[in-house]
Amino acid sequence: MKIGWIGLGLMGNPMATNLINAGYSLYVYNRTSSKAESLVQKGAVLCQSPKEVAQHSDIVITMLSNVSAVEEVFAGEEGILKGISNDSIVIDMSTVSPKDSVHFAQLVNRQQAHFIDAPVSGSVQPAKEGTLLILAGGDASDIETCKPIFDVLGKQTIHFGENGKGSAAKLSINLLLGITIQGASETFVLAEKLGLQKADVAEMISNAAVNTPIFQMKKSSFLNEDFPAAFMLELMSKDLGLVKSEMESAQIDLPLATAANKTYASAKESGKGKSDVAAVYLEIKERNF
C-alpha cells in the first residue's frame, strides 16, 4: 500500500517516519521541502505538489496547522483533489472545526473517493513512540481499511461516528487539556504568591488525587520555567478559538472554556505563541508578580 503524507511539522515528521519504519512506501510533500530531507534519506519519495502525492498514493494523509492550509492543499491548483482516484482514501489529521471536516468530506466524495477526519490526541513524544490516540470520524469500513496505518501511529483508535465527529472529539479533548494546564499554572501562581516553594507544590500535586499524566509531562517545565515546544501555545489558542465558535453556534455557555480562550489568546499576543502550551503559566505569573 502506498501512502502520501502532506505536512511535516513537529508531529508529522515522526509519524511519517513510523510509517516508513513499518514498511510502507511513502510519498511526501511539504511547502518547505527541506523538512522532508530526513524522510527522503529513509526512503520516502519527495513530491513537488499535493496533486503529485495523490497521484502516487492509495491513501493520502494531511496534517496541517489550520483550515486555510488544508483548503489550499485540497482545492488549490495543484491540490490533492486533482490527483485522487475513485478508490482513494483521504485522511485529514489536522485540527479543524467539525463543519470544516464535513466540507472537506464533501469535496472528496464528489471525486468518488473516501474521507476520514482523524485528528490525534498527544504530542511529540507519543508521536515518536506511536502511542497517539486517533479520534476518527467517517465510514466504519473506511476506518477499518485504515486500521493497520492507525495502529502504527497510535495506541488506540476511537470511532466517534460520521465525518466531523473526529474533529468534534479533538476540540473536546483539547478544551480539557487547555483548562487542565491553566489550572496547574494558576495553582503554582497562587502557591508562590502565598510563599510556598514550587518544588513542594509539585510534590503535593504529584501525590494528590488531582495528579494527571499531563502534569507529570509538564512538571519540569513549570519548575524550571523553560518551555520547549511539544505542542505550541499558539496552536492551543487556535483550538480554543474553534471551541468558542462551536459554543456560539450551539448556544452553550462554558465559563472555563471562555476564560481559557482569553488567557491563551493573551499569552499568544504577548509573544509566547511558539513556546509550549504550558508557557501559559508565564502569562499568569506576569499578571501577578
Side-chain angles (χ1 to χ4, degrees), residues 1-9 11-31 33 35-36 38-64 69-94 96 101-120 127 130 132 134-154 156-159 162-164 166-167:
M1 183 179 291
K2 298 177 182 179
I3 300 175
W5 191 286
I6 300 172
L8 298 170
M11 297 277 288
N13 208 300
M15 293 169 73
T17 297
N18 286 342
L19 291 174
I20 294 173
N21 292 341
Y24 287 101
S25 298
L26 199 69
Y27 295 82
V28 298
Y29 169 80
N30 197 72
R31 186 171 57 182
S33 59
K35 291 184 177 181
S38 64
L39 295 172
V40 172
Q41 291 172 2
K42 294 180 177 74
V45 177
L46 180 62
C47 296
Q48 299 305 308
S49 69
K51 175 184 175 180
E52 185 182 347
V53 170
Q55 288 172 330
H56 287 291
S57 305
D58 304 302
I59 295 173
V60 180
I61 300 172
T62 56
M63 193 173 198
L64 301 157
V70 181
E71 183 75 37
E72 176 61 25
V73 162
F74 273 61
E77 286 296 320
E78 292 292 313
I80 61 176
L81 294 175
K82 302 289 180 64
I84 56 176
S85 65
N86 290 358
D87 296 325
S88 298
I89 298 176
V90 180
I91 304 171
D92 184 34
M93 301 188 112
S94 313
V96 299
S101 286
V102 171
H103 166 65
F104 295 131
Q106 291 169 343
L107 293 179
V108 171
N109 293 160
R110 286 174 196 158
Q111 304 295 108
Q112 305 301 311
H114 310 267
F115 179 85
I116 299 170
D117 46 292
V120 301
L132 296 163
I134 314 294
L135 316 175
D139 185 86
S141 63
D142 292 336
I143 292 167
E144 185 63 28
T145 297
C146 296
K147 191 173 185 303
I149 295 168
F150 291 149
D151 286 347
V152 170
L153 301 176
Q156 184 179 1
T157 299
I158 303 176
H159 182 201
E162 69 271 16
N163 287 133
S167 291

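The figures here come from the full heavy-atom set of this structure, side chains too, leaving out hydrogens, waters and symmetry mates.
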Can you find a side-chain donor-acceptor pair between S94 and D92 that sits under 3.5 Å? yes
Would a 4.5 Å heavy-atom cut-off, applied to side chains only, mark H114 and D139 as touching? no
So CG of D58 and CD1 of I84: to nearest 0.5 Å the spacing works out to 12.5 Å
Any idea how F104 and F74 line up, ring-wise: parallel (<30°), tilted (30 to 60°), or perpendicular (>60°)? tilted
So CD of Q55 and OG of S49: to nearest 0.5 Å the spacing works out to 7.0 Å
Report yes if some heavy atom in the side chain of T17 is under 4.5 Å from a heavy atom in the side chain of L39; otherwise report no. yes
To the nearest 0.5 Å, what is the distance between CG (N13) and CE (M63)? 11.5 Å
Are I149 and M1 side-chain neighbours, meaning at least one heavy-atom pair lies under 4.5 Å? yes
D151: salt bridge (Lys or Arg N to Asp or Glu O under 4.0 Å) partners, not counting sequence neighbours: K147
Is there side-chain contact between V73 and I80, with at least one heavy-atom pair below 4.5 Å? yes
So do the side chains of K2 and Y27 get within less than 4.5 Å of each other, counting heavy atoms only? yes
Worked check of side-chain hydrogen bond (donor to acceptor under 3.5 Å, both in side chains) between S85 and D87: CA-CA 5 Å; S85 65; D87 296 325; 5.5 Å; no
Please tell me if the side chains of V102 and E162 come closer than 4.5 Å, counting only heavy atoms from C-beta onward. no
